[in-house]
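Presented below is the structure to which this report refers.
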Amino acid sequence: MTLMAPTVADYEVSADLASLLVRTTQDDALSVPAEKLRLSCKCAHCTRARFDGRFPQAFPAIAITEIGDLGYGLNIAFSDGHNRGIYPKSYLLSLAGR
């Protein structure tokens with residue numbers, strides 16, 4: 001018997017745009033707050049801002065404004081105009097505590 005690690009089966013933005021709701025292949029329902037996603041962005045711009053000490057400590061009232069499915073991950077855009085972050089599906093699950 002081979003155990004398969006769960007992966008993202010489906011996703012949607014919460015009605016208030018404050019969370020990404022994720023359903024796994026094992027039918028788990030998970031939620032990742034938009035602020036946690038924004039703080040966890042690993043794009044070159046955010047990585048450089050962290051390195052330079054310019055990255056914010058919080059993003060209060062941040063909202064998810066758009067999601068692009070890239071197959072292996074999601075490109076998530078936020079209400080502060082940031083739209084460069086690509087979140088591999090395995091990374092999303094780790095942010096959700098899986």
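A96 and V32 get closest at one heavy-atom pair: CB-CG2, 3.6 Å. Closest approach of H82 to C41, counting heavy atoms only: NE2-SG, 3.3 Å. Among all heavy-atom pairs drawn from T24 and P6, the shortest one is CB-CB, 4.1 Å. When all heavy atoms of A61 and S79 are compared, the closest pair comes out as O-OG, 4.2 Å. The two residues C43 and R84 make their nearest non-hydrogen contact at CB-O, 3.7 Å. Across all non-hydrogen atoms, the minimal contact from S40 to R50 is C-NH2, 3.9 Å.
Not a single donor-acceptor pair under 3.5 Å links the side chain of S19 to the backbone N or O of L21. Of the possible donor and acceptor atoms, none in the side chain of E66 sits under 3.5 Å from a partner among the backbone N and O of A77. Side-chain atoms of D69 come within 3.5 Å of backbone atoms of G71 as a donor-acceptor pair (strictly under, hydrogens ignored).
Note on R38 versus D80: salt bridge recorded, some NZ/NE/NH1/NH2 to OD/OE distance being below 4.0 Å.
Between Y87 and L20, the closest side-chain pair of non-hydrogen atoms is not below 4.5 Å.
Under the 6.0 Å distance and 45° angle rule, K89 does not count as a cation-pi partner of Y72.
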